[in-house]
Protein chains: 2
Amino acid sequence: MVTIYDVANACGCSSATVSKALNNYSDVNINTKERILKKAKEMGFVPNLQARALSTKRTWNIGVLFEDKSNSGLTHYYFSQVLQAVKEQAEEKGYDITFISKNLGGVEMSYLEHCNRRNIDGVVIACIDFEDQQVQQLMESNIPVVVIDYDSEHVSAIMSDNVRGVYELTHYMISLGHRDIVYAYGHEVFVTEERIRGFKKALDEAKIPFTEDMLIKSRYSEKQANIDAVTELLKRDKLPTAMLFPDDYSAIWGINALRNNGIKVPEEISVGGFDGVEIGEMIFPRLTTIRQNTSRLGKEASLKCIQMLESKSKDNTKITVGVELIPGGTCMAPRLFQSKSPRR
Amino acid sequence: MVTIYDVANACGCSSATVSKALNNYSDVNINTKERILKKAKEMGFVPNLQARALSTKRTWNIGVLFEDKSNSGLTHYYFSQVLQAVKEQAEEKGYDITFISKNLGGVEMSYLEHCNRRNIDGVVIACIDFEDQQVQQLMESNIPVVVIDYDSEHVSAIMSDNVRGVYELTHYMISLGHRDIVYAYGHEVFVTEERIRGFKKALDEAKIPFTEDMLIKSRYSEKQANIDAVTELLKRDKLPTAMLFPDDYSAIWGINALRNNGIKVPEEISVGGFDGVEIGEMIFPRLTTIRQNTSRLGKEASLKCIQMLESKSKDNTKITVGVELIPGGTCMAPRLFQSKSPRR
DNA sequence: TGTGAAGTCGAAAACGGTTTCGACTCTTAA
DNA sequence: TTAAGAGTCGAAACCGTTTTCGACTTCACA
């Protein structure tokens, strides 16, 4: 490995001058600077980031906390897209990303400790139980943190316009003529509250009275939970004409469950998802859903994180990213006569 | 940040002793050792990995090269699973992972340079153009490298039993009665050669003469390429009764293309995929495919990489991981009379 | 009583950079 | 002619660890 000293020797100057030349300091003669740069390149010099970090306290590393109980981390249809965008944007700015985990090498370790070991410059958190004590600790630390789809006074946050998303989807269903709509909602977290607000808002506007049986508790990205939700629904003696699922993945398994029970989609029940990932296009007919702008979410998260760490100031900016209704074939106007429950 | 010196001061001993106590050296008294450990914990001491790396030349970081032109990196249905396994296993052994990329921060940089900057201990490569000059350079460097689904004399390799995979799939088709089988194969890389070998082997065994029109060139994980392959196929005046696609993703879009052209799957053409990822279960009927053991592939890759870097010896072990036939509903015995080409 | 070995400990160098601050050389203006 | 200022450069300290090697005790044994 060729060091800054080797370059200095080869150039007949000091390591300080080489360092300055490489870092664009103004107090180095233009000629010597060029000589040094040329020589450095020629010798294949690559700066050692560890050494640099030791003196500058910057590792050019941003931590990523992506942990999903149900759908193991990186394979998550929706979050892997966000992560990809986080990564791309970080790299464009010269940062590498490191996954933060507890339990490294068999040693229990808090997220914060992991960050401190690696001297992470900033952290992006998504897809996790934000109420976790360790996550809270990390958010309250003095490491700059950006969260995706959460709201906290301690950190900056990027999120989709969830209220609007479910509002639009519901509004769309209503515009097709649906009035009996059931929303199978995901884990009871911040995002879910927002979405339920959007759901109620759309009902409200259409003067459809909200009743508790329009909500069914389900879970995000969990096949079985959504099959269960359908099973639960089928016990009713009056079926809704439309059903919204927590996300596209859930919707797909939900549709399968409905069909396995002899319910036609969309003829008997219209279905809507959420996320707008590609799997929604793979099934037939294409899933009606709300597309989240994953690349913007990820990009904004990276940028905000980097902006904070570079200005050495933690703030709690909130950025909302727009969503888009994707009409598919899983919805249609409700039939006047339902098979199981003829309507008046 | 509390350093080793702070602990030393608090314990009334030297930093050397603290370091030794923390690293289980034998030349430190059991009592002082315990006192130091207790104090360190109490003070919230967390070792600085940068500083440590500077003197030990070990970063506890393994690099990962996952780059896919078609299906941007992390969102790849198949490779994201492998990556997840690589990550889990690495973490279990105490290693963090870092994505290797060219072009960091707007600066062009070879993969090897990136590794050197970060002093990566070892690298796992997958899902990439292995013929790339930079990839070759990295493989030939003295950094321990493990590749997935490739074969090179310079590095260790983990791969699925690709020959057997396509062999079994083809054999299964043949056992159903198919004799006119077309294999739409992916990019012309090592893995593809293997798979085509498996294809021919199965034909051979069944005494079905291989002809060039049984192969159609397609691409891995590329929607359009596979739609094109189908379009190409439909120009023939005699259709095959079975078709294999490069992977599940391709198969799904292939099936859609077939259906959009009025061809019934599986009634008119049976279809097989490869990979065994979950999307194959989402469509109806479930896709017939070959499941690759992604978690073992990833795990073995991590382990092999770590084993090499810890023993400081690069070798070129080859490990083959078994595959499994997953019969689905996209295959059936061929009908005696094909719509487009009645068989004698 | 002297000696060698075993057990403990710490001074100091090393890892590869960055950054401060003083020194030196030239200009330029008074 | 001189003083001030601008332009260059390098010595040295520093970042937080690890590791070598020598020094000092203590103890058993001859």
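Chain identifiers are assigned alphabetically (A, B, ...) following the order of the sequence lines, protein sequences preceding nucleic acid strands; residue numbering begins at 1 within each chain. Basis for what follows: all heavy atoms, side chains included, without hydrogens, waters or symmetry-related copies. Worth saying up front: this structure is predicted, and the values here are computed from it rather than measured.
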For [X] and [N], what is the distance between atoms [atom1] and [atom2] respectively, to the nearest whole Å?
X       : N      : atom1 : atom2 : result
B:Leu49 : C:dC15 : CG    : C1'   : 15 Å
A:Asn23 : C:dT19 : CG    : C1'   : 10 Å
B:Glu34 : C:dT8  : CD    : C1'   : 16 Å
A:Gln50 : D:dG16 : CD    : P     : 15 Å
A:Leu22 : C:dT19 : CG    : C1'   : 14 Å
B:Arg58 : C:dG16 : CZ    : C1'   : 19 Å

Examine [N]: is either OP1 or OP2 under 4.0 Å from a nitrogen or oxygen in the side chain of [X]? Give yes or no.
X       : N      : result
A:Ser19 : C:dT18 : yes
B:Thr3  : D:dC15 : no
A:Ser55 : C:dG17 : no
A:Asn29 : D:dC9  : no
A:Thr56 : C:dT18 : no

Which comes earlier along DNA chain C counting from the 5' end, the contact point of A:Ser15 or that of B:Lys20, where each point is its nearest nucleotide?
B:Lys20
If you pin A:Asn48 and B:Ala16 to their nearest nucleotides in DNA chain C, which one's is more 5'?
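First, find each residue's nearest nucleotide; the 5'-ward one identifies B:Ala16.
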Going by modelled atom types, is there a donor-acceptor pair between the base of D:dT17 and the side chain of B:Tyr5 at under 3.5 Å?
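Answer yes: a donor N or O sits under 3.5 Å from an acceptor.
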Answer yes or no: side-chain N or O of A:Lys57 and base N or O of D:dG16 forming a donor-acceptor pair under 3.5 Å.
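No, the side chain and the base share no sub-3.5 Å donor-acceptor pair.
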Looking at the side chain of [X], which of [options] is the nearest nucleotide?
X       : options               : result
B:Val28 : C:dC9, D:dT18, C:dG17 : C:dC9
B:Thr32 : D:dT18, C:dG17, C:dC9 : C:dC9
B:Asp27 : C:dC9, D:dC9, C:dT19  : C:dC9

Quick one: label A:Val46 by what it contacts on the DNA or RNA (base, sugar-phosphate, nothing), any heavy atom closer than 4.0 Å.
sugar-phosphate
Pair [X] + [Y]: basic N to acidic O under 4.0 Å:
X        : Y        : value
A:Lys102 : A:Asp132 : yes
A:Glu91  : A:Lys87  : yes
A:Arg296 : A:Glu300 : yes

Kindly indicate whether the side chain of A:Lys93, heavy atoms from C-beta on, has any atom under 4.5 Å from the side chain of A:Leu303.
yes
DNA chain D: B:Ala51 or B:Tyr25, which has the more 5' nearest nucleotide?
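Between the two, 5'-proximity favours B:Ala51.
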Taking the six-membered ring for Trp, are A:Tyr95 and A:Trp60 parallel (under 30°), tilted (30 to 60°) or perpendicular (over 60°)?
tilted
